[in-house]
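Whatever order the structure lists ligands and atoms in, that order sets their numbers, starting from 1. The analysis underlying the following values was restricted to heavy atoms, covering all of them including side chains, and did not include hydrogens, waters or symmetry mates. Being a predicted model, the structure only gives us computed values, none of them experimental.
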Amino acid sequence: MASLGAPQLLGAAARCPASNLRKQLACRPAPRAQITVGHRRASLLVPRTASEQQTAPATSSPSSSVEEDLMQQLAELQAENDRLKAELASIRTSGPAAAAAAAASAIAGAAAAVVGSAAKVLEPPATAGTEAFMRQLEQGVAWPSPGTKFWEAPARSSPMPVDVGGGSSSVQPRDSRSLDVVHFTAELAPIAKVGGLGDVVHGLARTCLARGHNVTVIMPFYECLPQDQIEGLGFDMDIEVPKGKSWDGEIQLTTLKTAVYRGVIGGVPVILVRPADWDACNLFRGGRIYGGSYNELESYLYFCRAGLEYLRCSGQQPHILHLHEWQTCAAALLYWEVYSALGLYRPRVVLTIHNLDNTGECRQDEFAFTGIDGEQFATIERALDERTIGHNPERLNLMKGGMVYSNAVTTVSPTYAKEVLSGMQAGWLRSTLMRPEVNSKVRGILNGIDVEEWGQHTSPTTPARTALSHRWLFLTVYMQVRGILNGIDVEEWDPARDELLPANFSAQFPDGKALCKKYLQRGLGLDESPDKPVVAVITRLVPQKGIHLIKAALFRCLDKGAQFVLLGSGHCDGEFKAMAEQQFKDHKDIRLLVMYSESLAHQIYAAADIILVPSMFEPCGLTQMIGMRYGAVPVVRKTGGLADTVRDVDSHAPGEANGYTFDGTDEGSLHGALDRALTHFKEQRASWTELSATNMNTELSWSRSSADYVALYNSIAMP
Ligand code: ADP
């Protein structure tokens, strides 16, 4: 390893750790050799201990041989200097990984015996921001042929010739208390991702691991998972999971042999559960995560039971069960009503609501897919869906049950939390939360309850839970609904290191972004103009995302001479498919890509000047943050997490502002914000470039949000 005490023969570059060295090589002309002679050589080339340095003068040669000795040292230094220059030149023509190795070897070599021969010296790198630098970046770009699936092939034929610095820092502070956290989730990026849920669980889990916590994700073993991308995948155990089975219109209680596997996905330890015999039932089978050939409600109810049964059988007592979305809510009900009486006593439950659009409707008899009867939850204060009172049958709502039976409930942004509590987003669930008798008791609890008191009510010594204690749970939920803003995985989304891009870039070295734009324009067969702003939308195509505004933006871009690129899929995609194949087929400024592609998403973010997110509601939203990280300027509707992350240029100071926002849900409101952004791009390019750099430098990682989650975990965890 290179050490900080490395020799200074080449000045600052040689003193720095490898990453700093790479930065300097990218931004400066080749450092000039500073050859020193005599006494300095000993201290510079061969690091010594303090005692050695003190004794060094005593070992000097007799005066008659000093000159000869100095000449010899000078020759050796010149040879070594040439060798180091040659190594530096090779760093410039190789990639970051080679650069790190070369930097380490250069420094180590300098500290070793001074031998070497003269080597070829290359010219210093071109200065960033010049045409010469762009030419240098272009070396090795595998330019795509228009109309091909270029995103499926490598974007470069050789590594980047220079390092653009930037990069991410994944160093996290270590927390003093290490907690055992188990997530229950239906999605986990990168291989089991449909939308932001997968990104969020992955990013939070990875960051908490880095902070020193023991984190495991329990998730379904979907048939469609690419198993070759699960590191160390191996069988763990078989367990018998109680389960109701639909038979002749009745649900019969039985058990289902379940296979549990272990592995690591994207650096996160996972437990994968599935029926041992897939031929006997089709749970989690099919080519897609959702909407496969299986019954989702039955599968996720079974999954919740299987995850808890696994924890019991393996004797684990995590501090926290962190549940996500309706698919995992039944685990909260089952934990408190069944497993807390079966020896699983330590966990406290956190539920994160990523989206209240789906809340998990469930007939009482269907709840028996978990192996226990749903009737006991059919009260207003537990999980009854009030909208169905008087219907035959009355139904349960899993999200409501999850809220009631969790110790803390979070949403994914502060504004969405407010919207949920104020009723804008919670709909009928809000009426439950805001009932007067509930409200008055909330105040009582706010005045009286503390964590220790709460601990008594949930201690393993009182497993037989009363209606009263459920009410307490419920009230505590209200008290604890809080919005913790999502972060993004800044290693996964890092324009300075992203290997899917034709050129890397950073706020300090933004040139590569122009190349990414040209690359995308060429690949998609668009007009290759740097002066036409590329407006990008990357989204699930569902009503939540503002389908009518996405369409309106497309036509506005057409009118205003901008380019529009959509990457999206979902059940509203029919109209976009039709436009892609007819009206805008081979259009020079519009491309509608109705599909899902992770690699194309990376390339579009990198090429985009503007990232558009006109959602009707948005619990947090990741695309505006990823877009910013890649130097795009967001244009968003001011709702939920979009309101928390985007500050309008026209109402915020430079440096604080990062995009354009609008309030209304009509086309006129959208046009107002989009037009302002397009004018800014066209008429004030220097200020636009600054804005883009500000966005790239914005702190968007999980550092801050993970600290909030850890604080929440600690506030409810048992010792
Ligand atoms: P949501 O969770 O509601 O879908 P988010 O903005 O929170 O919305 O997260 C969306 C995530 O899914 C982002 O990582 C985005 O890049 C990705 N994504 C959405 N649609 C596509 C697509 N068609 N192809 C590739 N990635 C997509």
With heavy-atom distances below 4.5 Å as the criterion, would you say the side chains of [X] and [Y] are in contact?
| X | Y | answer |
| --- | --- | --- |
| Phe584 | Phe564 | no |
| Leu356 | Tyr416 | yes |
| Met616 | Gln544 | no |
| Gln603 | Tyr519 | yes |
| Thr359 | Leu398 | no |

Nearest neighbour in protein (non-hydrogen) for [atom]:
| atom | result |
| --- | --- |
| atom 25 (C) of ligand 1 | Ser597 O, 3.3 Å |
| atom 13 (C) of ligand 1 | Asp199 OD2, 3.7 Å |
| atom 4 (O) of ligand 1 | Arg540 NE, 2.7 Å |

So if I count the atoms of ligand 1 from 1 in the order they appear, which ones are less than 4.0 Å from some heavy atom of [X]?
| X | answer |
| --- | --- |
| Gly568 | 23 (N) |
| Ile626 | 14 (O) |
| Thr623 | 6 (O), 15 (C) |

Mark the output for Gln624 as yes if a heavy-atom distance to ligand 1 is under 4.0 Å, and as no if none is. no

Relative to Trp702, does Arg206 satisfy both conditions: NZ or CZ under 6.0 angstrom from the six-membered ring centre, and within 45 degrees of the ring's axis? no

Within 6.0 angstrom of Lys638 NZ, more than 12 heavy atoms from elsewhere: no

Would you say [X] and ligand 1 have an N/O pair spaced under 3.5 Å apart?
| X | result |
| --- | --- |
| Leu622 | yes |
| Lys193 | yes |
| Trp493 | no |
| Met595 | yes |
| Gly196 | yes |
| Lys545 | yes |

Would Tyr302 and Tyr294 count as a side chain to side chain contact (heavy atoms under 4.5 Å, CB included) here? Give the steps. CA-CA 12 Å; Tyr302 153 75; Tyr294 61 90; over 6 Å; no

Who's closest to atom 16 (O) of ligand 1 heavy-atom-wise, of Tyr596, Tyr605, Phe617? Tyr605

Decide side chain to side chain donor-acceptor pair (under 3.5 Å) for His322 and Thr352; before the verdict, give the C-alpha distance in whole Å, the side-chain angles of both, and the deciding distance to 0.1 Å. CA-CA 7 Å; His322 193 154; Thr352 295; 2.6 Å; yes

